[in-house]
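Remember, it's a predicted structure, so these values are computed and weren't measured experimentally.
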Amino acid sequence: AYKQVKIGSSGINAEYGVEPTIVTGLPHDSDLVMRETFAPILYIVPCEGFEDAVAINNEVSQGLSSSIFTTNPEYIFRWVGAGGADSGICNVNIPTNGAEIGGAFGGEKETGGGRESGSDAWKQYCRRATCTINYSKDLPLAQGIDFS
């Protein structure tokens, strides 16, 4: 079957919105998987291994929060490293349903481009620049280079 709803088959509920739902049988690049639905839906997508899982995770255009569940230390450090999850919040063995109150909150790609809260909170109020002022009449070169 193209898709199978495993849990939550009654769809939209007037009182609660969308019931928590698990969906299987969708290709990794289907429209449903690629959209940010803001609903309690878990898509189970098979993969060929860690590298394939990271590639599938990163092919969406959003990047707020991603999770991996593993006990393999190599996968953990690769997931949170530069070649891992392309998201603002990288989780290991916990869901993506929130962030630590003291942690920087924000996403990558279409889900943001900055952080708020946490150790990066001050950056949203600043425009950082490197300023060099030369008060002499000479035009010095960087790092003291002299071409004479």
Ile68 and side-chain contact (heavy atoms from CB on, under 4.5 Å): which single residue from Val92, Asn93, Ile94 fits? Val92

Give, for atom CD of Glu36 and atom OG of Ser61, the distance between the pair rounded to the nearest 0.5 Å. 7.5 Å

If you measure from CG on Asp29 to CG on Leu32, what distance do you get to the nearest 0.5 Å? 11.5 Å

Would you list the pairs meeting ring pair (Phe, Tyr, Trp, His ring centres under 6.0 Å) in which at least one residue belongs to residues 51-72, sequence neighbours left out? none

Assigning hydrophobic clusters by single linkage (Ile, Leu, Val, Met, Phe, Trp, Tyr; side-chain heavy-atom cutoff under 4.5 Å), is Ile56 placed with Val33? yes

Non-hydrogen side-chain atoms of [X] and [Y] separated by less than 4.5 Å:
X	Y	answer
Met34	Glu59	yes
Asn57	Asp86	no
Ile44	Leu42	yes

Who are the side-chain contact (heavy atoms from CB on, under 4.5 Å) partners of Pro40, not counting sequence neighbours? Val18, Pro20

Check: residues 72-83 side-chain donor-acceptor pairs under 3.5 Å, at least two apart:
residue : atom : partner : partner atom : Å
Asn72   : OD1  : Glu74   : N            : 2.8
Asn72   : OD1  : Tyr75   : N            : 3.3
Glu74   : OE2  : Arg78   : NH1          : 3.0
Arg78   : NH1  : Glu51   : OE2          : 3.4
Arg78   : NH2  : Glu51   : OE2          : 2.4
Trp79   : NE1  : Asn91   : O            : 3.1

